[in-house]
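Have a look at the structure below before the remarks.
For reference, positions follow the sequence shown, starting with 1. Counting starts at 1 for both ligands and their atoms, in listed order. In what follows, every heavy atom counts, from backbone to side chain, and hydrogens, waters and symmetry copies are set aside.
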Amino acid sequence: MPEQRRGTRQRTRWFAIAAAVAAAIVAVAVVFTVVRLRSGGEGPPERSLSELDADIAAGRVGDARIDDATRTATVTGTDGGTYTVAYPADYGPALTDKLLAAHVPVSAAARSGDSNAVADVAIRVVPSLLILGLLAWLLLRRGGLLGQYVNIRNGRGASEDVPDVTFDDVAGNVEVVDELREVVWAIREPQRFTRLGAHVPRGILLTGPPGTGKTLLARAVAGEAGVPFLSIAGSDFVEMFAGVGASRMRRLFDRARSEDGAVVFIDEIDAIGKSRITGHSNGASEERENTLNQLLVELDGFSRSESVFVLAATNRADVLDAALTRPGRFDRTIAVGVPDAAGRREVLELHAREYAVAEGIDWAALAKRTPGMTGADLANVMNQASLIAVRHEHDEVLSSDIVEAIAVVTIGPERRSRVPSDRDRRIAAVHEAGHTVCALCQPEAPDPVQVSIVPRGEAGGVTWTAGTDDDFVTLRQAQAQLVLALGGRAAEELVLDGDVSHGAMGDLRTATDLARRMVTEFGMTGFGLAYLDERDVHVGGAGADVHDAVRAELDAALGRARELVSTHRELLDAVTDALLEHETLDPDDLAALHHPPVG
Ligand code: ADP
Ligand code: MG
Ligand code: ZN
């Protein structure tokens, strides 16, 4: 399909050249004819070459003027009469010789004031113009010498290839892909829209966190439509010389227009599309404004027939200038979110195709362990898993390699080289055992999938629980999460006789974040049903009240955690000892330690 389009485009181009050349030839011919008619109208009579020969031989020629440009000789006879003679091409010099040999004074035609001057100018100028025009056309057309020059200067900027990426390379974004299919359709067959008078979609803004596949989707749109992908990043425009940003933007769109359909992708559009109201004016912001204005001009300048489609991506849709999202510009916004468990499973399986992966892997279970991960994170997981498999000298990538890779990507690699002191190991074991007990003994809390006191990343130990993808967080689940988060601290208090380590810092942050959302967003607490945003909390004076409500929630959770670890002290000690002995426990180990009370 792309090849066919290419071919058509090539043929169209050659037609254009042929037409231009033909037009030039016709123009020259017309000029000649006009000149001929004009000079033939009331000029001297015309005679033939043989008559001239006879006159020369008879000595009846007084003088002659040779005009090689029009191949005419103007002859004045000795009797004073004047006539003209047309002679064949290249005969001029021979005729001149013949006349001179007969002692006839010969002059060359005067150039100016002559009626032939127009023809002269035409003859001299038209070919040069043709050549100049051809050169300019060669230089300026896209992909020409100038185009290549621009490419080199732009570095990672515009590229005009049709990407070999399709929607098959995108996993877990079903709704987004469905919306973008319409765009592909509009690029391929715009007449289906225009015939009904429908508005052809022109620009779509993709919003979402980094790594969710926005660039991938944009490339896939171009790949599916079989048109070139021209991309540029907003950050490319930062710190540019005055005027460069705007002209670069113009050039990008000019090139897109010269294509038979194209996708223009503006990454990090917030870098140029920040709201113009905020901030004071300086050189840099002026340049950004110029660039933004040029973008707006380009977006407004599309005619109905052009099939240039503009996609832009940002993770800061909130700061964009309202002018960008006006109808006819980026009139649609598609949120590209972090995938859910099913989506993550698809992404994992898609990327697994790039590696030699063992049969029968439980992808759904692995996907459950990766809540919050983006497509890019999951691609990274599979890559890390393959490296881990190599390190372990496995023949294929095993499930355990992927589990390890998930841990590496989320928290960091195990740091086995850092040998903790016995005291630190014991604190870590007690702390993680506290989390584990709170996970195992609360029905609403997720189950632990791995507990470890091997230092990993910044953490001294990890209690890993199965993530949840439930759409709704219930009050009981949220409270159980708080208890789970504070379980480490509660166990330290109990076992270390009231002394505590700073190891709970991360836990406190997690718990406080969740508690604050329960208070200010979920309306789950005694604070009431109000939804408060940051402004309300800081400026509106609700800050102190929110703080009190968060504290109350955390205190209640810590109380419940203390209760759990002391009533399940035996389990707590068993897990602590097992950790000190084995360092890492999996769900089977934990099940063996945990004998849930009947009922
Ligand atoms: P963004 O532009 O949103 O930051 P990218 O498109 O650059 O994200 O994604 C980076 C990489 O992550 C992609 O090249 C791809 O390998 C992987 N990826 C992200 N999202 C997906 C997805 N939905 N399906 C498959 N791979 C994905
Ligand atoms: Mg990107
Ligand atoms: Zn902890």
Among all protein non-hydrogen atoms, which one is nearest to atom 10 (C) of ligand 1, and what is the separation to 0.1 Å?
->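 That would be Ala376 CB, 4.0 Å.
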Please state which protein non-hydrogen atom is closest to atom 16 (O) of ligand 1 and give its distance, to 0.1 Å?
->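 Answer for atom 16 (O) of ligand 1: His351 CE1, 3.2 Å.
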Looking only at distances, please establish whether an N/O atom of ligand 1 is found under 3.5 Å from an N/O atom of [X].
| X | value |
| --- | --- |
| Gly213 | yes |
| Ala171 | yes |
| Gly211 | yes |

Taking heavy atoms and a distance under 4.0 Å, where does Asp267 meet ligand 1: side chain, backbone, both or neither?
->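 Near ligand 1, Asp267 shows nothing, with every heavy atom at 4.0 Å or more.
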Where's the contact between Glu346 and ligand 1, heavy-atom distance under 4.0 Å: side chain, backbone, both or neither?
->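 It is neither part, as no heavy atom is under 4.0 Å.
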Is the Zn ion (ligand 3) under 2.8 Å from any N, O or S atom of Asp507?
->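 Yes.
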Does Gly172 have a heavy atom less than 4.0 Å from any atom of ligand 1?
->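 The answer is no, since Gly172 has no heavy atom less than 4.0 Å from ligand 1.
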Answer yes or no for Ala313: is there a heavy-atom contact with ligand 1 below 4.0 Å?
->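 The answer is no, since Ala313 has no heavy atom less than 4.0 Å from ligand 1.
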Examine the side chains of [X] and [Y] and answer whether a donor and an acceptor come within less than 3.5 Å of each other.
| X | Y | value |
| --- | --- | --- |
| His431 | Asp507 | yes |
| Thr576 | Asp573 | no |
| Asp589 | His582 | no |
| Gln294 | Glu298 | yes |
| Glu553 | Thr525 | no |

Among the N/O/S atoms of His431, select the one at the shortest distance from the Zn ion (ligand 3) and name it.
->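 His431's closest N, O or S atom to the Zn ion (ligand 3) is named NE2.
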Rounded to the nearest 0.5 Å, what's the gap from [atom1] on [X] to [atom2] on [Y]? Could you check?
| X | Y | atom1 | atom2 | value |
| --- | --- | --- | --- | --- |
| Phe330 | Ile266 | CZ | CD1 | 5.0 Å |
| His435 | Leu572 | NE2 | CG | 11.5 Å |
| Gln477 | Leu514 | CD | CG | 10.5 Å |

Proximal ligand 1 atoms for [X], defined as those under 4.0 Å from one of its heavy atoms:
| X | result |
| --- | --- |
| Pro210 | 4 (O) |
| Val170 | 23 (N), 24 (N) |
| Leu350 | 25 (C) |
| Asn173 | 23 (N) |
| Thr215 | 2 (O), 6 (O), 7 (O) |

Only heavy atoms count here, so choose which of Asn383, Asp169, Leu216 is nearest to atom 6 (O) of ligand 1.
->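 Nearest option to atom 6 (O) of ligand 1, by heavy atoms: Leu216.
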Is it possible for you to check whether Arg517 lies under 6.0 Å from the centre of the six-membered ring of Phe522, through NZ or CZ, and within 45° of that ring's axis?
->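 That pair does not qualify as a cation-pi contact.
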